[in-house]
Amino acid sequence: METVYLGIIIFLFLLAIFDLVVGVSNDAVNFLNSAIGAKAASFRTIIIIAAIGIFFGATLSNGMMDIARHGIFRPEAFYFNELMYIFLAVMITDVVLLDVFNTLGMPTSTTVSMVFELLGGTFALALVKITMGPEGLTFAELLNTEKALTVILAIFLSVAVAFTFGALVQFLSRIIFTFSYKSRLKWIIGVFGGVAVTAIIYFMLIKGVKDASFMTEEYKAWMHDNTGLIVGCCLVFFTVFMQVLYWMKVNVFKMIVLLGTFALAMAFAGNDLVNFVGVPLAGWASYTDFVANGNGDATGFLMGSLNGPAKTPFIFLLLSGMIMVVALITSKKAHNVIRTSVDLSRQDEGDEMFGSSAIARSLVRFFTNMNNSLLHIIPENVKSWLNSRFNKDEAIIENGAAFDLVRASVNLVLAGLLIALGTSLKLPLSTTYVAFMVAMGTSLADRAWGRESAVFRVTGVMSVIGGWFITAGAAFIICFLVTLVMYYGGVVAMLLMIGVAVVLLIKSNLSYRKKMQKEKADDVFRHLITSRDKTEVWLLLRRHVQDNLVKVLDFAENTYMKMTEGFIREDLKSLRKAVSMTNDEKDILKKERRKGMLGMRRIDRNIAIEKNTWFHLGCNSSEQMMYCLKRMCDPCKEHVDNNFNPMTEEAVEEFLPIRNQLVALLQRTRNIIASGSYDVTDAILVEAENFKNCLAGLNKLQIERLQEEESSVKLSLVYLNLLQESQELLNIMRHMLCASRKFQG
């Protein structure tokens with residue numbers, strides 16, 4: 001039996017490796033968001049600095065490993081085999097849950113997931129032991145509910161505190177520096193830099209180095225007794241040092257951002273490492289104790305030894321640090337999660353990927369009305385002065401950046417201070433929640449949430465916060481069920497759960513690759529809204545519009561074929577799918593038109609005026625094409641769904657050549673727009689106009705058939721509608737081709 005449990009321990013460590021990868025992918029947003037969003041350095045430099053911080057944080061990791069040993073359950077009340085069920089269920093649930101969030105591009109808390117997984121697994125076996133066991137144990141003797149309540153409190157506390165302080169501090173910082181901050185740095189940059197760097201050093205001492213593995217009790221006592229002296233000396237030294245650096249033409253803000261990135265990465269690795277490897281290490285400690293003292297009785301050996309302090313071998317910390325660094329450098333999902341956070345805090349309007357929700361619309365309307373009421377109270381001279389301090393037209397933002405260095409500095413310094421303050425006051429602030437909500441608060445204070453984007457940003461923030469609560473609930477429920485299945489199913493159930501986890505992870509990664517292939521076109525738009533070069537923006541906008549028209553024509557061709565085949569063959573499934581796809585495509589086109597409008601606002605004014613008509617004609621043609629397809633799809637689906645008479649063989653033979661010719665015209669038009677070569681455009685336009693006569697002839701022939709008594713009125717009406725809308729489809733195609741030629745020319 002020991003061999004079976006050794007295999008479980010080995011698998012736990014394999015899952016730990018994967019957990020490190022998916023965990024870093026998700027939590028990378030905590031420390032990379034500000035530096036990448038402000039383009040404080042090249043992406044490679046930022047990653048190197050963060051990687052060094054992660055490596056040091058992991059290898060100097062503190063004693064947080066105890067949370068996986070006795071933070072949630074009372075180990076002295078559980079047998080060895082029971083803890084193996086809990087540990088395996090926790091790791092299986094954790095890697096699958098975090099991978100799902102990474103695939104969705106949603107940041108979540110690895111601390112919350114681990115704690116609630118442990119709580120779910122422990123609660124499952126606690127119920128079993130209380131209802132079936134002869135020991136007469138109580139919940140208080142089996143699990144520690146205080147930790148779970150602490151984490152729940154952390155969710156509310158972190159969200160409210162971080163968002164409020166983020167908005168307040170950024171508001172004051174912007175009043176001091178304004179968006180044109182470079183002209184106001186002469187004397188205040190030294191003080192700001194000194195305070196910022198001192199705050200970061202304090203954060204590193206409190207949250208990073210203080211509890212490192214090499215720190216002795218004497219060093220900790222000395223640091224505690226001399227914290228004020230250390231902070232005071234750092235403040236004086238770094239104030240002078242930063243002022244000197246400014247005189248030497250060094251960008252102090254960039255230094256603050258990069259140092260803050262290092263500090264947060266170090267603290268993340270040091271404190272959150274337990275979320276990834278704490279459970280496997282607890283399992284390893286349990287196994288070694290069982291082998292030494294258990295006498296082979298897994299069901300009768302209590303695990304009170306886990307109440308002792310964790311002694312993590314340095315080799316595990318070193319290997320963990322190396323894996324986390326590799327994961328940070330190579331993970332594409334980490335970039336996806338970072339993009340979500342950056343886009344939600346972007347100074348300019350972005351693609352607003354989350355859309356809008358009813359709750360967000362209500363909140364925005366409420367606060368807009370409240371803001372309008374306040375504006376009536378504030379004196380005009382005060383409003384004018386504030387507007388001058390928040391003049392976004394003066395914003396100094398690096399090419400390709402989402403916001404400026406002032407906001408990035410505030411994000412990192414304030415996040416570090418709040419986490420350090422929460423630690424010193426023993427308040428359970430979550431690193432993920434603090435970092436994300438500070439970024440949201442500062443973007444609100446910077447007036448990045450304008451009337452055109454506020455509802456989308458609020459929806460996005462609510463989606464992320466909702467995901468945090470879902471993490472807790474899903475972690476608890478899934479781990480609860482998995483633990484019960486393994487407890488009653490034994491080794492067979494454990495192997496089955498392992499297989500299910502592997503299959504889910506493989507499917508998740510395959511679907512993520514497909515998703516990334518579909519989203520490659522969005523890369524053009526991301527460059528479009530971040531570039532400050534108007535010439536580059538114009539080239540990117542042309543490509544964006546071209547790609548969208550090509551996609552619309554591809555969709556129209558495929559849907560027209562699917563719909564007509566479904567109608568002829570009475571394939572209800574194909575017709576339903578065509579209707580559903582058309583509805584979805586209409587929503588996509590609305591978003592794409594909005595993206596194009598953002599691009600039109602960023603190009604040279606003269607070009608925008610010249611190309612505006614053709615841009616909107618192309619957009620209108622795309623939308624009209626969807627409405628045209630829908631007007632064809634709905635009657636055909638309803639006709640087949642009601643089991644009315646099918647098309648006659650005579651009508652099918654007449655229609656198919658015409659249908660194929662129309663599809664061929666759509667294909668040729670698509671190829672012209674895709675290639676950007678419009679030499680044969682006039683010939684296509686003439687051919688399409690002449691082809692309408694063929695459709696008109698079929699239309700006239702069907703009207704004549706309608707006079708015959710044996711003809712089906714219902715079928716004739718649907719067929720006539722199909723012919724009429726096919727003519728309209730040709731008209732729209734011609735307008736689209738003309739618009740594309742004029743816009744690209």
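Just so you know, these numbers use all the heavy atoms, side chains as well, and skip hydrogens, waters and symmetry mates.
When all heavy atoms of A199 and L417 are compared, the closest pair comes out as CB-CG, 3.6 Å. Listed here is the closest heavy atom pair of V458 and A360: CG1-CB, 3.8 Å. In this structure, T261 and A35 approach most closely via the heavy-atom pair OG1-CB, 3.5 Å. Of all heavy-atom pairs spanning S34 and N411, the tightest one is OG-CB, 3.1 Å. The two residues I92 and A501 come nearest to each other via the heavy atoms CG2-CB, 3.5 Å. When all heavy atoms are compared, the tightest approach of S286 to F87 is OG-CE1, 3.8 Å.
Qualifying side-chain hydrogen bond (donor to acceptor under 3.5 Å, both in side chains) partners for S443, counting only residues two or more places apart in sequence or in other chains: W449.
Each side chain to side chain donor-acceptor pair (under 3.5 Å) pair with one or both residues in residues 313-329, not counting sequence neighbours, would appear here, but there are none.
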Exercise for review: Check the pair D94 / V279 against side-chain contact (heavy atoms from CB on, under 4.5 Å), numbers first and verdict last.
Suggested key: CA-CA 11 Å; D94 201 50; V279 170; over 6 Å; no

Check your understanding: Would V96 and I478 count as a side-chain contact (heavy atoms from CB on, under 4.5 Å) if you check the C-alpha gap in whole Å, the side-chain angles of each, and the deciding distance to 0.1 Å?
Key -> CA-CA 10 Å; V96 172; I478 296 173; over 6 Å; no

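Under the 30°/60° scheme for interplanar angles, the aromatic rings of F290 and Y5 are found to stand perpendicular. The aromatic rings of F480 and F476 sit parallel, their planes meeting at an angle under 30°, below the 60° perpendicular limit. Using bins of under 30°, 30° to 60° and over 60° for the plane-to-plane angle, the ring pair W284/F13 lands in the perpendicular bin.
The CG atom of L15 lies 7.0 Å from the CG atom of L88; values are rounded to the nearest 0.5 Å.
Between the side chain of T288 and the backbone N or O of A285 there is at least one donor-acceptor pair closer than 3.5 Å. A donor-acceptor pair under 3.5 Å links the side-chain atoms of T459 to the main chain of V455, judged by distance alone. With hydrogens and angles disregarded, a donor-acceptor distance shorter than 3.5 Å links the side chain of S345 to the backbone of V342.
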Taking only distance into account, with no hydrogens and no angle test, what donor-acceptor pairs under 3.5 Å do side-chain atoms of residues 481-492 form with protein atoms, sequence neighbours excluded?
residue : atom : partner : partner atom : Å
T483    : OG1  : C479    : O            : 2.6

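A heavy-atom distance below 4.5 Å is not found between the side chains of Y287 and I8. Within the 4.5 Å cutoff, the side chain of L328 has heavy atoms near those of the L32 side chain.
In this structure, Y85 has its ring center at least 6.0 angstrom away from the ring center of F78.
The number of heavy-atom neighbours closer than 6.0 Å to CG of L318, taken from other residues, nucleotides and ligands shown, is above 12. By the 6.0 Å contact criterion, CE on M322 is open, its count of non-hydrogen atoms from other residues, nucleotides or ligands being 12 or less. The number of heavy-atom neighbours closer than 6.0 Å to CG of N293, taken from other residues, nucleotides and ligands shown, is above 12.
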